[in-house]
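A short write-up of the structure that comes next.
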Amino acid sequence: MDLTWSAEEDAFRAEARSWLETNVAIWRAIHGGEPASGDTREGFAQHLDWERRLFDDGWAVVSWPSEHGGRDASLWEWLIFEEEYYRAGCPPRVTQNGIFLLAPSIFEFGTPSQQAGILRRMAAGDDLWCQGWSEPNAGSDLASVTSRAERVDGGWTLNGQKTWTTRGAFCTHVFGLFRTDPASERHRGLTYLLMPLDTPGVTVRGFGRLDGDEGFAEVFFEDAFLADDAVPGGVVLGEPEGGWSVAMATAGSERGLTLRSPGRFLATAERLLALARARGGDDGVRRRAATAWMHADAYQQQTLMTVTKLADGAKPGAEASLTKLWWSELDIELHEIALDLLGPDAEVDGPWSKAWQFSLSGPIYAGTNEIQRNIAAERLLGLPR
Ligand SMILES: Cc1cc2nc3c(=O)[nH]c(=O)nc-3n(C[C@H](O)[C@H](O)[C@H](O)COP(=O)(O)OP(=O)(O)OC[C@H]3O[C@@H](n4cnc5c(N)ncnc54)[C@H](O)[C@@H]3O)c2cc1C
């Protein structure tokens, strides 16, 4: 592992830093200084304006090929970009479930016409993708999905319900797992489908989270007819009835590298140290802040190791579960220390307290931490089920 950056990588960093610092300031000024949360209708539109600025100047999806709207950056440069992104205080990516979860699976399993028809529009924020996996009775146990798709002339008829669909009420498209072989059980007989949310027979009902933001939706399918050509290149990603392995590849991206890069936590750790300097605090809390900063740095080092392996052709595997445990627990640690430093002022400090509330959901989304521990125990340590 070579921990030095090349002259080209330093130049890439400087270019990214300059663009991000200038443009995030412009974007904030346009939206009154502090744009609304991206999980509200108003805030989502403001964040979309940001996404389109990124795309117009080639910064939306830096590591993608230029034909799909990227700039052919290496994985190393992508990490640098992410560091600079959060360092400059840029907002959460409201397109994340498309660009960070679905897109890696489209690159891996999509046909050339799916790639050509879907990726660029996704990067541009023209099509907005949400993830339709969880159901009222299928969360941790995703293999118990019961939403079904029946093959009919020219397409599929869909019935069932998805839930916890992040930003579903604001998105235009959903990717989901459906049972296409009615006689199948568990992981078999599932198909990974891509579809527009305005498909007749599909109803999207947004609902509020505990913090009041309409960040979730339920999606209902009632004899919805999904035409084979409803999405460019076709609505099935991968093989029909081979949906489970595609879904596991998507989950690997979600838990492992792409959804939560170290840049996000390095920036939070720096802000935490600044807060500790400003607020003083006793030795105990200052020591915890320093330890949390080191945990963020350790995540960065571990990611550099992962990227080294990926650059050598390795595929992300069960190790992604360890990564997910690390970043989700680190996020809570950083925010709890901030609240301790703020004391009663935490009640009125919007950003730290709102981010702390969201950090508490980290051990749940992308597969709960209990499930990640099960995976690590069985598949990495070889312990019995
Ligand atoms: C902020 C957020 C965003 C989300 N976004 C999406 C989205 O966009 N799309 C989507 O499809 N889903 C989404 N989800 C849903 C998420 O994937 C599920 O909440 C998660 O998989 C857990 O499923 P569940 O809620 O049904 O809980 P359950 O599976 O019912 O689990 C309840 C508890 O039991 C534990 N448990 C269950 N099985 C085991 C076991 N075998 N061993 C040990 N413990 C176990 C769990 O760890 C958990 O603590 C989101 C969730 C959150 C919090």
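Every value quoted in this text rests on a predicted model; they were computed, and no experiment measured them. Atoms within each ligand, like the ligands themselves, are counted from 1 in listed order.
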Quiz: residues 307-323 side-chain donor-acceptor pairs under 3.5 angstrom, not counting sequence neighbours:
unit_1 : atom_1 : unit_2 : atom_2 : d
Thr308 : OG1    : Leu304 : O      : 2.7
Ser321 : OG     : Gln372 : OE1    : 2.8
Thr323 : OG1    : Glu319 : O      : 3.4

Return a table of donor-acceptor pairs under 3.5 angstrom between the side chains of residues 229-241 and protein atoms on other chains or two or more places apart.
unit_1 : atom_1 : unit_2 : atom_2 : d
Glu241 : OE2    : Thr180 : OG1    : 3.2

Pick out the protein N or O atoms lying less than 3.5 Å from any N or O of ligand 1, and list each pair with its distance.
unit_1   : atom_1 : unit_2 : atom_2 : d
ligand 1 : 5 (N)  : Trp164 : O      : 3.1
ligand 1 : 5 (N)  : Thr166 : OG1    : 2.6
ligand 1 : 8 (O)  : Trp164 : O      : 3.4
ligand 1 : 8 (O)  : Thr166 : N      : 3.0
ligand 1 : 8 (O)  : Thr166 : OG1    : 3.2
ligand 1 : 9 (N)  : Gln131 : O      : 2.7
ligand 1 : 9 (N)  : Gln131 : OE1    : 3.4
ligand 1 : 9 (N)  : Trp164 : O      : 3.4
ligand 1 : 11 (O) : Gln131 : O      : 3.4
ligand 1 : 11 (O) : Trp133 : N      : 3.0
ligand 1 : 11 (O) : Ser134 : N      : 2.7
ligand 1 : 11 (O) : Ser134 : OG     : 3.2
ligand 1 : 12 (N) : Ser134 : OG     : 2.7
ligand 1 : 17 (O) : Ser134 : OG     : 3.4
ligand 1 : 23 (O) : Ser140 : N      : 3.3
ligand 1 : 29 (O) : Ser140 : N      : 2.9
ligand 1 : 29 (O) : Ser140 : OG     : 2.7
ligand 1 : 42 (N) : Asn374 : ND2    : 3.1
ligand 1 : 47 (O) : Thr368 : OG1    : 2.6
ligand 1 : 47 (O) : Glu370 : OE1    : 2.6

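Among residues two or more places apart in sequence or in another chain, the ring-ring contact (aromatic ring centres under 6.0 Å, His included) test is passed with Trp129 by His173.
Between Leu177 and Thr191 there is no side-chain heavy-atom pair separated by less than 4.5 Å.
Ring centroids of Tyr85 and Trp19 are separated by 6.0 Å or more, keeping the two rings apart.
Residues Arg279 and Asp345 are paired through a salt bridge, judged by an N-O separation under 4.0 Å between the basic side chain and the carboxylate.
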